[in-house]
Amino acid sequence: MTIPNEQPLRIAILGAGAVGSLVAARLIQAGHTPTLVARGARLRALQTQGLYLRDAAQPVQTLPVSATSAHEAGPHDIVFLALKAHAIAPALPDIARLLMPETRVIPLINGIPWWYFQPDETRAVATVDPDGALARAFDPSRLIGAVLFLTASLDEDGAVVARGPERIVMGSIGRGSAEDDDSLLAPLRQIFADTAIGVRFVREIRRDLWSKVALNLATNPLSVVAQATLAEQFNDPALAPTVAAVLEETVQLARTLGVEPRTDLEGMLAIGHQAGAFRTSMAQDFARGSPLELGAIARSVLDLADTQDVAMPTARTITDICTFLEIRRNAA
Ligand SMILES: NC(=O)C1=CN([C@@H]2O[C@H](COP(=O)(O)OP(=O)(O)OC[C@H]3O[C@@H](n4cnc5c(N)ncnc54)[C@H](OP(=O)(O)O)[C@@H]3O)[C@@H](O)[C@H]2O)C=CC1
Ligand SMILES: CC(C)(CO)C(=O)C(=O)O
């Protein structure tokens, strides 16, 4: 993509897992040439075989991808962080290599982000940024909030599998003027204009954030505890009341914090009822022995609830059982 009299914007995606690979694939299909920053065996596979995509359109297609290591990537104009929330702090030295002062950074992560109280407050989200390293590393005026409404996974052959609708909501994290927001977001509008991902730009990104936080808190830990797909969680009479209870608890917390989630409870349940037999990213992590994203998705929300004296008994119980299962799995 170009803007008048300027070089094409350099776009990097750090993390070639499910989300990073899907966003890279959709950008490549739309004619962009993002740098997919990966490591280890995944990097070698991308460099030698290309990026495999499996979606409703084709059983598998191979896309030519520019894949490189963080050491070789160099600075970019736009950087997407497609990592698990707990992987961002350890990746800071790698991320620093991709940044210039004016780089726009878009974290593509679930849960309460470290920037939640920025730029108006200095208060940090301690659960996800205990020593404030993330708050110090990123200029809030160059951060763009993103909320992901999509499901993706990696198959054994390395193909990224896209299922169902692909939507991302983006918006400035600040409460600046509409003009400030427009100049920050303009390149993103152009980049995604022709992609298969439906990107919507909003003011008050925290309203969308809470809709997704509620959906993740209601389904991700429970997907591990019950070993259930999304469809089972929303439709099985043994699980659906628990999902609804956590959604309700989270909406109550958001309201206490002064934010009305963009999607109401009925809307969230409707999204869930349409979900397929998808295993959440947390269930996938549990199965492959990877760390669970409980800090950003669950503990941060429960900690915020404590500060507001909001009881979230159902969410807490499921999160505690999930924590127990992760510890027992790690010990085995
Ligand atoms: N999957 C889904 O359907 C959805 C996921 N999300 C959210 O999106 C975010 C990303 O999730 P997802 O893509 O599923 O996660 P994955 O675990 O599939 O991918 C994360 C990738 O980041 C890589 N990575 C970590 N650190 C570095 C580094 N320093 N340099 C290079 N690569 C690195 C990991 O590599 P390695 O394997 O080597 O550690 C891994 O490939 C999460 O917050 C998740 O909750 C949101 C909506 C849906
Ligand atoms: C399943 C979904 C879409 C919502 O819980 C998700 O965000 C995840 O898998 O982490």
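Indexing begins at 1, ligand by ligand and atom by atom, following the structure's order.
- At a 4.0 Å heavy-atom cut-off, ligand 2 touches L150 through the backbone alone.
- At under 3.5 Å, not a single nitrogen or oxygen of K212, backbone or side chain, sits near a nitrogen or oxygen of ligand 1.
- On a distance-only criterion, T151 and ligand 1 share no N/O pair closer than 3.5 Å.
- Partners of D264 under the side chain to side chain contact (heavy atoms under 4.5 Å, CB included) rule, at least two apart in sequence or in another chain, are E266.
- No N or O atom of T151 sits closer than 3.5 Å to an N or O atom of ligand 2.
- Where the criterion is an N or O separation shorter than 3.5 Å, residue side chain and backbone included, N110 meets it with respect to ligand 1.
- The proximity of P90 to ligand 1, defined as any non-hydrogen pair under 4.0 Å, does not occur for either the backbone or the side chain.
- By the criterion of a heavy-atom distance under 4.0 Å, both the backbone and the side chain of A18 are placed next to ligand 1.
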Anything under 3.5 Å between a donor and an acceptor, one on a side chain of residues 145-154, the other on a protein residue two or more places apart or in another chain? List them.
{"from": "T151", "atom 1": "OG1", "to": "R163", "atom 2": "O", "distance (Å)": "2.9"}

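- Not a single N or O atom of A38, backbone or side chain, sits closer than 3.5 Å to an N or O atom of ligand 1.
- Looking from atom 3 (O) of ligand 1 to the surrounding protein, the closest heavy atom is A152 N, 2.8 Å.
- When only interatomic distances are considered, the shortest N/O to N/O separation between R279 and ligand 2 does not fall below 3.5 Å.
- Here the protein heavy atom with the shortest distance to atom 8 (C) of ligand 2 is S281 OG, 3.3 Å.
- Residue-level proximity to ligand 1 for E293 is carried by the side chain, the only part with a heavy atom below 4.0 angstrom.
- In terms of N/O distances under 3.5 Å, ligand 1 is not approached by Q284.
- Every atom of ligand 1 with a heavy atom of L14 under 4.0 Å away is listed here by number and element: 30 (N), 31 (C).
- Under 4.0 Å from ligand 2, the heavy atoms of K212 that appear belong solely to its side chain.
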